[in-house]
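Down below is the structure, laid out as structure tokens.
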Amino acid sequence: MGILTLSKKGVAVVLSAQLLFATQAVTMAQAEMLGTEAAIGKYTALANRDALLDEMQREDIRAEIVALGVDPLEAEARLAALSDAEIGTILTQMERDNAGADVIGTLFTIFVILLVTDLLCFTRFFNFTRCVR
Amino acid sequence: MPTRAQIAGVPLIQQEDFFCGPTSIAMVMQWAGADVSQQDVAALAFSPGAGGTYLADMIGSSRRLGQLAVEVSTFDQLLAEVAAGHPVIVFQNLGLGIAPLWHYGVVTGYDFARDEVYLNSGQLEQMVMPFAVFERTWRRGDFWGLVVLPPDQLPVSVAQTDILSAAAALERVEQFQAAATLYETGAEEWPDNWLWQFGLGNARYALGDLQGARQALRRARAVDPTIPEVRANLAFVEAELAG
């Protein structure tokens with residue numbers, strides 16, 4: 001058991017060292033600068049998704065969600081299933097309906113709850129909604 | 001929101017036939033101090049076969065002329081920009097339902113008390129419209145508006161991401177100096193977002209300014225040391241400087 005663990009660790013060390021070399025090799029062999037546009041797309045999408053997920057996990061919002069009879073984990077799973085473009089659309093709509101103000105505060109809380117109920121087809125607030133009635 | 005606003009110095013240019021789009025961009029760029037005629041813009045924007053200028057070409061030609069171009073789509077955004085001193089190009093339908101007359105104009109001011117919206121509209125006199133009439137004509141253009149600014153000024157009513165994308169679009173049309181200026185402007189406004197310094201590094205690299213690129217990428221790394229793209233480009237620039 002002890003030996004097994006040790007050897008596993010050894011393998012892990014070798015593997016991670018190889019991975020490090022591989023990463024460095026990729027960096028060294030990089031043929032051109034990585035573009036701004038791709039980075040903007042990638043990191044904006046990540047930030048948007050994280051922001052919505054963070055909000056969903058806030059305690060007051062979670063309590064609201066549960067009070068509505070919605071399973072928070074299912075709501076998160078549905079959010080995770082949305083594409084980057086759909087999340088972008090939702091945030092744009094939140095910003096527009098918020099009359100130009102920053103998407104922070106009470107109104108945002110309401111939007112997030114609407115998003116959750118939309119995801120589970122209780123409401124139809126956002127344009128992405130796929131529920132057919 | 002101020003109850004009235006008036007932007008000074010937007011020239012009134014008489015448009016040539018069908019050149020309302022190019023003329024609108026020329027008016028806004030001349031207001032910002034550029035030496036650009038409606039013909040210059042038309043060469044980049046006008047579609048002779050269509051007898052007009054497509055929305056996408058309004059955006060594209062502005063960028064090819066080194067301008068920051070971002071769309072707006074609400075009354076709040078329009079008024080906020082005008083109140084901030086930024087003229088806004090709007091797409092209107094001035095005709096009747098059965099005989100549409102598509103038109104681009106430039107909103108240069110408004111006055112709630114007098115119920116007036118002021119436009120430079122391709123004629124030598126200013127056009128004045130009551131709010132309800134303007135709203136109707138703009139609604140039929142799906143509330144399409146375009147803010148065109150020199151890259152050292154920022155719109156006030158659009159999301160940071162949209163401005164970042166507009167800067168990246170300047171790189172795409174190889175307006176690297178304009179892109180660099182816009183990235184610098186954005187970096188001052190939003191110092192905690194590394195993407196501005198990253199873009200600045202890339203634009204400076206494209207301009208052949210390796211030292212400047214390294215400086216910007218180092219700043220990007222200082223804002224967020226975890227981003228692989230930043231480290232990769234910094235290593236790339238450093239290797240080139242060393243080699």
Side-chain angles (χ1 to χ4, degrees), chain A residues 16 19-55 82-105 107-108 111-112 125-128, chain B residues 1 72-81 143 156-172 176 179-180 182-183 186 193-206 210 213 216-217 220 224 226-240:
Chain A
S16 62
L19 194 66
L20 189 67
F21 283 129
T23 316
Q24 270 179 345
V26 168
T27 311
M28 303 286 257
Q30 184 188 332
E32 54 182 15
M33 296 277 277
L34 303 174
T36 320
E37 200 155 26
I40 292 170
K42 174 180 161 189
Y43 287 95
T44 304
L46 278 176
N48 287 346
R49 201 173 277 279
D50 285 353
L52 282 178
L53 198 59
D54 284 354
E55 285 304 311
L82 295 180
S83 72
D84 291 346
E86 285 164 331
I87 288 191
T89 308
I90 290 165
L91 282 170
T92 305
Q93 196 185 336
M94 284 182 176
E95 271 163 25
R96 295 243 168 96
D97 292 351
N98 211 353
D102 265 349
V103 186
I104 295 169
L107 202 50
F108 190 45
F111 281 138
V112 171
F125 181 75
F126 291 103
N127 296 328
F128 79 92
Chain B
M1 184 78 67
V72 293
S73 59
T74 66
F75 238 101
D76 283 331
Q77 287 179 302
L78 172 71
L79 298 182
E81 293 297 344
F143 297 112
V156 296
S157 70
V158 298
Q160 183 186 169
T161 310
D162 295 337
I163 304 173
L164 263 172
S165 297
L170 284 171
E171 280 190 73
R172 200 182 331 120
F176 296 114
L182 181 48
Y183 286 129
N193 186 347
W194 59 270
L195 278 163
W196 294 104
Q197 294 289 356
F198 180 69
L200 180 58
N202 286 355
R204 282 178 175 170
Y205 177 83
L210 292 179
L217 289 165
D224 190 337
T226 69
I227 307 296
E229 283 85 348
V230 172
R231 299 156 74 105
N233 282 8
L234 183 55
F236 189 80
V237 170
E238 277 173 343
E240 213 161 294

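What you see is a predicted model; the values in this text were computed from it and never measured. Just so it is clear: chains get the letters A, B, ... in the order the sequence lines come, proteins before strands, and each one is counted from 1.
Taking both residues in full, the closest heavy atoms of B:G199 and A:T36 are given as CA-CG2, 3.6 Å, listed atom of the first, atom of the second, then distance. For the pair A:G35 and B:N202, the tightest heavy-atom approach, listed with the atom from each and the gap, is C-ND2, 3.8 Å. Contact between A:A39 and B:F198 at its shortest, heavy atoms only, is CB-CE2, 3.6 Å. Nearest heavy atoms, A:M33 versus B:L217: CE-CD1, 4.1 Å.
Of the atoms belonging to B:F75, not a single heavy atom falls under 4.5 Å from chain A.
Residues of residues 40-47 of chain A having a heavy atom under 4.5 Å from any heavy atom of chain B, listed by number: A:I40, A:K42, A:Y43, A:T44.
Comparing B:I227, B:V156, B:V230 by how many heavy-atom pairs each has under 4.5 Å with chain A, the most go to B:I227.
Checked against side chain to side chain donor-acceptor pair (under 3.5 Å), B:W196 has the following partners two or more places apart in sequence or in another chain: B:Q160. Not a single salt bridge (Lys or Arg N to Asp or Glu O under 4.0 Å) links A:D54 to another residue, sequence neighbours left out.
Annotation: salt bridge (Lys or Arg N to Asp or Glu O under 4.0 Å) contacts involving residues 159-172 of chain B, sequence neighbours excluded, comprise A:E37-B:R172.
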